[in-house]
Amino acid sequence: MENLMSEGINLMVFGMGFVFVFLTLLVFATNGMSAVLSKIAPDPEPKAKRKAPAAAPAAAANNNDELVAVMTAAVHQHRSR
């Protein structure tokens with residue numbers, strides 16, 4: 001019984017050690033590939049956003065009023081059932 005328990009513990013230690021070493025190597029390989037890729041193809045510069053025309057906020061306010069009306073009607077319909 002003692003021999004079986006020591007073999008089980010031995011197998012567990014070697015298995016967990018192998019997984020730990022593999023995952024550590026995987027982290028280093030991923031970091032290395034990321035560094036190489038960022039040197040080869042750097043991230044593009046973000047483009048400046050265009051400013052919306054002055055008439056757009058008024059149109060958005062109208063859309064919000066319509067949206068509020070639709071949501072109010074939906075809630076009323078749901079509660080009346």
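Fair warning: this is a prediction, and the values are worked out from it, not measured in the lab.
Other members of the hydrophobic cluster containing Val36, listed by chain and number, are Ile40; membership follows side-chain contacts under 4.5 Å among ILVMFWY residues, whether direct or relayed. Members clustered with Phe22: Val19, Leu23, Leu26, by chain and number, using a 4.5 Å side-chain heavy-atom cutoff among hydrophobic residues.
Under the rule for a side chain to side chain contact (heavy atoms under 4.5 Å, CB included), the partners of Thr24 that lie at least two apart in sequence or sit in another chain are Phe20, Phe28. Listed by chain and number, the residues in a side chain to side chain contact (heavy atoms under 4.5 Å, CB included) with Leu4 amount to none (sequence neighbours excluded). Taking Asn3 as the reference, Ser6, Glu7 meet the side chain to side chain contact (heavy atoms under 4.5 Å, CB included) condition, with sequence neighbours excluded.
The shortest non-hydrogen separation linking Thr72 to Val68 is OG1-O, 2.7 Å.
Linking ILVMFWY side-chain heavy atoms closer than 4.5 Å, directly or via other members, places Val75 and Leu67 in two distinct hydrophobic clusters.
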